[in-house]
Number of protein chains: 2
Amino acid sequence: MATTKIRNMEEFAEVSGVSRPTLSKYFHDPDSVRASTRDKIEKKLAEFNYRPNIYAMNQNRKLTNNIGIVVPYLADPVFAEFARTIELLCHSAGYRPTVFTAHGHPEEEVEILEALRAMKPAGLLMAPLGRASDRLEIERFCDDIPTVFFDSELSGLDVPFVGADNPQFTRTMVEYLCRTGSPPCFFEMKTPANPNARKRRNSYIETMEANGHDPQIIQADGEGWSFEEIGLQAGLKAFEDKAFTSDTILCSNDRIAIGLLTAAYEKGITVGLGANTDIRIAGQDDHPFSRFTCPPLTTIAQDFEAISRQSFDLLMAKLNDQEIPMQNSYIEGKLIMRDSA
Amino acid sequence: MATTKIRNMEEFAEVSGVSRPTLSKYFHDPDSVRASTRDKIEKKLAEFNYRPNIYAMNQNRKLTNNIGIVVPYLADPVFAEFARTIELLCHSAGYRPTVFTAHGHPEEEVEILEALRAMKPAGLLMAPLGRASDRLEIERFCDDIPTVFFDSELSGLDVPFVGADNPQFTRTMVEYLCRTGSPPCFFEMKTPANPNARKRRNSYIETMEANGHDPQIIQADGEGWSFEEIGLQAGLKAFEDKAFTSDTILCSNDRIAIGLLTAAYEKGITVGLGANTDIRIAGQDDHPFSRFTCPPLTTIAQDFEAISRQSFDLLMAKLNDQEIPMQNSYIEGKLIMRDSA
DNA sequence: ATAAAAACTTTACGAGCGTAAAAATAAAAC
DNA sequence: GTTTTATTTTTACGCTCGTAAAGTTTTTAT
């Protein structure tokens with residue numbers, strides 16, 4: 001029966017029989033007031049449906065409870081998954097997460113940071129674009145606002161990082177492939193957007209050599225974030241040129257592998273681990289769609305949960321001024337055996 | 001050479017030689033001040049890198065320049081695509097868009113709306129969850145804040161809508177399939193999350209009957225947003241039970257079709273329009289991945305650009321108190337012929 | 001050159017809340 | 001029941017910017 005509209009905290013203080021400063025405390029942290037007071041407030045809160053003005057709140061707080069989540073490309077299901085997981089963590093810890101995407105453009109990444117600065121966020125969880133990122137601008141931001149990088153790191157900056165153990169990913173897959181068939185050649189983008197790609201290539205070379213095999217790398221032209229399309233086009237060309245030096249192809253990531261699977265299909269080349277198939281294809285990341293490719297893609301699963309959790313915990317530690325281990329954290333992936341390899 | 005840090009507009013007024021109210025006007029709309037004044041401000045702006053406190057700004061403005069974008073499930077690439085397109089439109093019109101996702105849960109949808117209310121946004125562009133949505137809460141919100149629905153409508157509410165012309169989608173596809181082979185049966189979820197599904201089913205039935213064919217519907221069990229998985233499991237079962245009454249299967253949407261393609265693959269059933277294939281499969285939506293399925297999926301393309309543009313324009317009209325045509329807008333899709341049908 | 005219009009400055013108040021200090025009250029401890 | 005301790009109330013000021021009104025300066029029109 002809210003007869004009058006509550007316009008501000010003062011009016012709500014009147015109807016609830018609690019003073020405004022106490023209300024202010026309550027909204028800051030409900031547990032900071034006596035249980036009886038809390039009950040009184042919450043009863044009236046349900047009745048009047050009042051919410052404090054967040055702008056007035058944040059204006060005076062040195063620190064807001066906003067947390068920024070920045071990803072390079074939200075239309076990539078891998079980042080959608082990261083964003084989703086981290087959002088949930090923030091939310092359940094009482095923070096207000098906001099997801100931003102750079103749409104693959106470094107200028108947008110900087111713009112986001114500038115807009116974010118105006119929001120005075122408590123902290124930032126960021127998966128930087130990588131190679132293309134404007135290091136200087138990002139560094140300037142991280143100096144002011146507690147930040148943790150996830151998924152891809154920007155070396156040289158004094159910012160903790162949590163992400164996949166890329167060398168382990170590739171090593172695990174190369175060893176599996178060698179164990180079960182011919183040693184793989186490696187299919188990747190010539191100029192990958194993401195720094196993880198380099199680590200995977202290096203690990204491929206190392207592991208192959210360690211096992212006495214000759215590493216063979218096939219590189220796809222093309223820039224941007226249309227990995228499937230790049231994998232498809234370069235795959236078609238490579239099949240035509242007989243550029244693949246092995247009947248087993250390890251792709252730098254699942255999205256490229258998805259494109260390559262399509263290329264194989266169009267060329268009439270059968271993929272799988274059966275005796276009557278032509279080649280094997282493997283990916284890395286366990287992209288949400290890789291279970292639905294034809295054949296389902298053998299890959300290494302990112303531990304989204306662990307990466308999200310750890311990067312969030314690191315940020316919390318930073319916010320609470322705890323001594324944090326500045327060493328980066330690399331999370332292992334798990335081999336997901338499906339039919340493609 | 002910013003020797004002193006600028007803390008607020010007053011301090012910036014001093015160093016820039018412009019009065020604070022004029023600055024306020026400038027930040028509200030740069031074109032509202034004289035060119036010479038604008039230059040003076042912008043010169044100092046570059047030098048001192050000052051930005052007004054958005055919280056203080058929004059606190060006093062009756063209307064912020066925030067625009068909310070709410071989608072039911074951001075991990076679905078179709079919505080990622082919508083979000084991306086609309087974000088860009090808002091941005092280039094000088095608004096500050098913020099994307100929210102309900103993660104498929106009606107409670108979260110309501111929470112977003114409540115958080116959004118606190119942000120006092122100028123307007124909202126929303127793709128409601130649909131069937132599961134809390135109509136009452138959404139209606140209450142739309143009464144207060146200018147809103148436009150896109151992608152899926154909530155009938156009965158006085159809110160303009162822009163979305164796909166679902167009957168046209170299905171009609172176009174059914175006619176194409178009939179023209180080029182056997183009349184299709186229809187594969188859908190029994191309890192679809194999205195109201196568009198119903199329209200597509202109805203259109204399927206109508207079109208089939210209009211062409212003198214017997215409509216046949218196969219329904220998949222399962223709830224939630226894992227459409228591919230649902231399509232896969234139900235597809236496997238349907239193949240085993242020989243439940244598909246035609247060698248041509250039209251799916252309610254691409255994601256289900258992707259699951260069904262995987263099911264066909266696992267059953268050794270070949271898909272395509274060649275003479276030596278077993279069945280044809282078609283989807284609807286032109287999901288970003290449907291070009292990369294094996295075989296590439298024949299589908300109807302959503303006109304993301306047009307839907308985004310029109311819903312944004314509608315919202316702008318609402319914000320400017322223009323007389324808007326309250327009739328809903330349905331955007332036609334285009335047949336994308338690929339190899340699966 | 002003069003009048004009219006537009007833009008700017010000065011002054012002043014308001015928005016909604018944070019927060020500090022002192023006084024009053026309630027709860028817990030003994 | 002009194003003392004101690006924890007909460008709450010009262011009072012008061014601050015934050016940053018929006019915005020209105022009246023006066024001044026600059027620009028435009030004639």
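- Across the protein-nucleic acid pair, Lys25(B) atom NZ and dA20(D) atom P stand 12 Å apart, rounded to whole Å.
- OP1 or OP2 of dT7(D) has not a single side-chain nitrogen or oxygen of Thr37(A) nearer than 4.0 Å.
- Closest approach to the Gln59(A) side chain among dG18(D), dC17(C), dT16(D) is made by dT16(D) (side chain taken as heavy atoms from C-beta onward).
- Looking at heavy-atom distances under 4.0 Å, Pro21(B) makes contact with a base.
- The separation between Asn58(A) atom CG and dG14(D) atom P is 22 Å, rounded to whole Å.
- Put simply, Thr22(B) has a side-chain N or O that comes within less than 4.0 Å of OP1 or OP2 on dT9(C).
- Ranked by how close their nearest DNA chain D nucleotide is to the 5' end, Arg20(A) and Val33(A) are led by Val33(A).
- An OP1 or OP2 oxygen of dG18(D) is reached within less than 4.0 angstrom by no side-chain nitrogen or oxygen of Tyr55(B).
- Proximity of Ser24(B) to the phosphate of dG18(D): a side-chain N or O atom is located under 4.0 Å from OP1 or OP2.
- The side chain of Met57(A) lies closest to dC17(C), out of dC17(C), dC8(C), dG18(D).
- One atom, CD1 of Ile54(A), and another, C1' of dC17(D), lie 16 Å apart when rounded to the nearest Å.
- For the pair Phe27(A) CZ and dT19(C) C1', the computed distance is 17 Å after rounding to whole Å.
- Rounded to a whole Å, the CG atom of Asp29(A) is 16 Å from the C1' atom of dT19(C).
- Here Arg117(B) does not pair with Glu114(B) in a salt bridge; the nearest charged N to carboxylate O distance is not below 4.0 Å.
- Ring pair Phe82(A)/Phe304(A) is perpendicular by interplanar angle, where above 60° counts as perpendicular and below 30° as parallel.
- For the pair Asn53(B) and dT16(D), the criterion of a side-chain N or O lying under 4.0 Å from OP1 or OP2 is not met.
- Rounded to an integer number of Å, the gap from Phe12(B) CZ to dG18(D) C1' is 18 Å.
- Nearest approach of Gly123(B) to Ile145(B), heavy atoms of both residues: CA-CG2, 4.0 Å.
- Taking the nucleotide of DNA chain C with the nearest heavy atom to each of Arg7(A) and His28(A), the more 5' of the two is matched to Arg7(A).
- In this structure, Leu23(B) atom CG and dT10(C) atom P are separated by 12 Å, rounded to whole Å.
- Phosphate proximity of dC17(C) to Tyr26(A): absent, as no side-chain N or O sits under 4.0 Å from OP1 or OP2.
- With hydrogens and angles ignored, the 3.5 Å screen pairs a side-chain donor or acceptor of Glu109(A) with a backbone N or O of Leu129(A).
- Following rounding to the nearest Å, Lys120(B) (NZ) and dC17(C) (C1') show an atom-to-atom distance of 12 Å.
- Across all strands shown, Ser36(A) has no heavy atoms under 4.0 Å from either base or sugar-phosphate atoms.
- Counting non-hydrogen atoms of other residues, nucleotides and ligands closer than 6.0 Å to CZ of Arg135(B) gives a total above 12.
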